[in-house]
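Both backbone and side-chain heavy atoms feed into the values below; hydrogens, waters and symmetry mates do not.
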Amino acid sequence: ETHQMMLRNSGSESKETVFEHRSSFAQTFSGLPSDIINEYHSPHLFNNDKTQINETDSLIKYDDDKKIGGIGDEEPNTNFCLSVFNLWNDVLAAGCTAVPSYLLHIGIYAFPFIILLFAILTTHTLNVLYYLSKKYRKPSLPSLAAYALGKGGYLLSCFFMFVFNFGGTVGALMILGDNVPKLYLATTQHHTVYMERQWVLVYFCVLLFPLNFASKISNYAFLSFLSMVSILGVAVSLLGYALFHHTFNDPLPQNILHNKVEVFSFFSAFGGLSYSFVCHDISFNVFMSFKDANRRRWNGVSSITVALTCIVFFIVGYSALFTFGNNINDNVLEGFHHHDIWGTVARVCLSINIILSIPYGCFMPRVAIYSVFVLAFGEPKKLWVTRSLNVGITLFVSGLAFLLSETLTDLSLVYEFVGGVASVGIAFVLPPLIFLKLEKGSLLGPKKLTEVIVLILGICIG
């Protein structure tokens with residue numbers, strides 16, 4: 001109403017002046033910096049009249065002269081298929097090699113229902129974030145959290161984004177450091193210190209470092225496609241081994257058949273599995289880079305991503321369970337002998353996946369740090385400042401990931417911590433909490449009751 005009154009009284013005032021009034025009004029009553037409420041200062045972010053808004057328009061507008069865009073500022077130039085692969089790459093990463101271990105600890109009968117639970121929760125919360133992002137014109141998870149929960153919500157979402165994605169990158173590097181030496185031993189008996197884990201990580205971190213500087217998720221679209229093709233190669237290799245060696249005909253150990261699991265192991269695996277379904281933070285970037293995006297097309301992207309993830313998890317989990325039984329490690333490929341052809345193919349595919357995914361995995365930690373900078377100092381106004389920030393943030397994230405992957409050895413500790421803390425916050429706590437805060441109605445009313453249940457489940461999962 002205030003916006004309409006200003007439009008009627010503006011007379012000869014330009015639209016830009018009215019938008020400045022609107023921005024000042026929002027800043028006064030929100031207590032937040034204007035660069036959060038009026039993020040990227042796109043005029044149609046505040047278009048509350050009855051005019052139809054074209055959903056294919058990007059929420060990010062650059063200055064026509066300077067063309068300055070920070071880390072994570074997207075442009076709609078990615079088609080439907082590549083958008084699926086870009087989102088899927090955040091879900092189906094190298095951590096899928098730990099899925100058989102989760103299956104073993106959760107139990108063969110409970111596992112399908114747990115997968116189905118996470119699939120439903122993921123699809124629902126992705127749709128909730130899409131709805132809130134479009135309704136309140138917020139192009140990122142931090143800006144949406146700030147609009148609902150203030151600066152605390154902004155910083156909390158940035159923390160979750162950093163820990164979740166950074167932990168995944170460290171875990172991927174750890175797997176790469178274990179796999180490449182075994183691939184080397186599969187081809188030769190000659191041992192050299194330069195093919196040990198520490199040196200392998202040095203080689204690939206240096207090799208991939210230039211790719212870490214991309215400032216848009218759309219820059220990684222084709223790499224995501226190749227990365228997902230390679231992870232499918234891992235699933236096919238495990239299934240091929242099981243079919244070729246007829247392991248599906250072998251009886252399972254009695255403790256597995258009788259679903260005997262330890263309580264602590266069950267909940268640890270539960271937390272680790274929750275990590276595997278999270279893509280909510282990067283979904284904003286994927287949507288905003290999605291060409292001709294609308295609700296129907298976005299629902300197609302999210303639904304296909306979740307469905308494909310469930311299929312791969314079932315193939316990897318049960319193929320490995322019938323193949324290795326109780327002898328399943330955190331990285332299922334460790335169960336293969338060095339010279340086993342199926343294991344070698346799976347290791348090659350997994351190594352390709354990790355190599356292609358590491359620059360992608362560094363993207364959201366960089367976005368999180370850049371978002372904190374914007375909160376503290378505002379959006380950079382000069383191109384050289386933006387580029388300097390990109391270089392500095394990328395050096396920090398890449399260097400820290402390398403150091404931690406060199407020193408840590410317990411992969412399950414990384415994924416369980418990240419899954420039980422950060423991933424639950426991003427996927428199953430923040431979306432319903434933001435919805436309950438912004439939307440009107442009773443908590444027990446039909447509109448909010450579902451989100452109350454999701455929030456309770458999210459807290460219990462955490």
Side-chain angles (χ1 to χ4, degrees), residues 88-89 92-104 168-169 171-205 207-208 223-250 276 308 311-358 360-361 405-406 409 411-412 415:
W88 198 19
N89 197 16
L92 195 63
C96 75
T97 57
V99 168
S101 175
Y102 301 149
L103 169 58
L104 183 65
T169 302
L173 284 170
M174 292 169 63
I175 296 174
L176 182 67
D178 292 334
N179 271 340
V180 173
K182 292 177 181 178
L183 284 174
Y184 176 77
L185 292 176
T187 58
T188 179
Q189 296 295 325
H190 177 66
H191 178 270
T192 173
V193 69
Y194 296 108
M195 285 305 296
E196 291 184 353
R197 179 176 182 271
Q198 290 78 8
W199 281 103
V200 167
L201 290 175
V202 171
Y203 303 149
F204 284 102
C205 284
L207 177 67
L208 297 172
L223 289 182
S224 293
F225 165 73
L226 297 177
S227 177
M228 290 300 93
V229 170
S230 62
I231 208 70
L232 288 175
V234 176
V236 171
S237 298
L238 286 168
L239 180 61
Y241 183 93
L243 293 174
F244 185 80
H245 292 279
H246 306 288
T247 59
F248 287 117
N249 297 328
D250 298 336
S276 303
L308 290 174
I311 293 171
V312 172
F313 281 178
F314 284 131
I315 293 174
V316 171
Y318 284 101
S319 296
L321 186 69
F322 278 91
T323 299
F324 301 112
N326 287 314
N327 301 316
I328 293 178
N329 299 308
D330 294 330
N331 179 0
V332 67
L333 301 187
E334 292 181 2
F336 287 108
H337 190 271
H338 293 328
H339 299 286
D340 187 279
I341 184 62
W342 293 101
T344 300
V345 172
R347 290 191 186 100
V348 169
C349 291
L350 183 64
S351 298
I352 293 173
N353 168 265
I354 296 174
I355 291 169
L356 297 176
S357 297
I358 287 173
Y360 179 98
S405 62
E406 286 277 16
T409 56
L411 182 64
S412 62
Y415 283 123

Asks: Below 4.5 Å, heavy atoms only, C-beta onward: do T344 and D340 meet side chain to side chain?
Replies: no

Asks: Can you list everything that forms a ring-ring contact (aromatic ring centres under 6.0 Å, His included) with Y360? Sequence neighbours excluded, please.
Replies: none

Asks: Contact between L238 and F336 at the side-chain level, heavy atoms closer than 4.5 Å - yes or no?
Replies: yes

Asks: With the side chain counted from C-beta on, respond yes when V202 and E406 share a heavy-atom pair under 4.5 Å apart, and no when they do not.
Replies: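 Result yes, sub-4.5 Å side-chain heavy-atom pair found.
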
Asks: To the nearest 0.5 Å, what is the distance between CG on L201 and OH on Y203?
Replies: 11.0 Å

Asks: Knowing that exactly one of L176, L333, L183 qualifies, which makes a side chain to side chain contact (heavy atoms under 4.5 Å, CB included) with L350?
Replies: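 Of the listed residues L176, L333, L183, the side chain to side chain contact (heavy atoms under 4.5 Å, CB included) partner of L350 is L333.
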
Asks: Checking I328 now: which residues fulfil side chain to side chain contact (heavy atoms under 4.5 Å, CB included) with it, not counting sequence neighbours?
Replies: P100, S101, L104, L321, F324

Asks: Looking only at heavy atoms, what is the nearest atom pair of S230 and C349, with distance?
Replies: O-CB, 3.1 Å

Asks: Considering all heavy atoms of both residues, which atom of S351 and which atom of V180 are nearest to each other, and what is their separation?
Replies: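 Nearest pair, atom of S351 first, then V180: OG-CG2, 4.1 Å.
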
Asks: List the residues meeting side chain to side chain contact (heavy atoms under 4.5 Å, CB included) with C205, not counting sequence neighbours, and say none if there are none.
Replies: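 L173, F402.
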
Asks: About how many Å separate CG of L232 and CD1 of I311, when rounded to the nearest 0.5 Å?
Replies: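 I311 atom CD1 to L232 atom CG measures 10.0 Å (nearest 0.5 Å).
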
Asks: Between M228 and L92, is the side-chain contact (heavy atoms from CB on, under 4.5 Å) condition met? List the steps.
Replies: CA-CA 8 Å; M228 290 300 93; L92 195 63; 4.0 Å; yes

Asks: For the side chain of T169 and the backbone of G361, is there at least one donor-acceptor N/O pair under 3.5 Å apart?
Replies: yes

Asks: So, taking the atom named CD1 in I175 and the one named OG in S405, what distance separates them when rounded to the nearest 0.5 Å?
Replies: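 Between atom CD1 of I175 and atom OG of S405 there are 11.5 Å.
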
Asks: Taking the side chain as every heavy atom from C-beta outward, state whether V312 and W88 have any pair of such atoms under 4.5 Å apart.
Replies: yes

Asks: Can you confirm whether or not the ring centre of Y102 sits under 6.0 Å from the ring centre of F313?
Replies: no

Asks: Is there a side-chain contact between D178 and R197 (heavy atoms, below 4.5 Å)?
Replies: yes

Asks: Going by side chain to side chain contact (heavy atoms under 4.5 Å, CB included), name the residues that satisfy it together with L207, two or more places apart in sequence or in a different chain.
Replies: F204

Asks: Any idea which heavy atoms bring G177 and V200 closest together, and the distance?
Replies: CA-CG1, 4.4 Å

Asks: With sequence neighbours excluded, what pairs up with N179 under the side-chain hydrogen bond (donor to acceptor under 3.5 Å, both in side chains) test?
Replies: none

Asks: Residues two or more places apart in sequence or in another chain: which of them pass side-chain hydrogen bond (donor to acceptor under 3.5 Å, both in side chains) with S227?
Replies: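 S227 satisfies side-chain hydrogen bond (donor to acceptor under 3.5 Å, both in side chains) with N89, N353, S357 once adjacent residues are dropped.
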
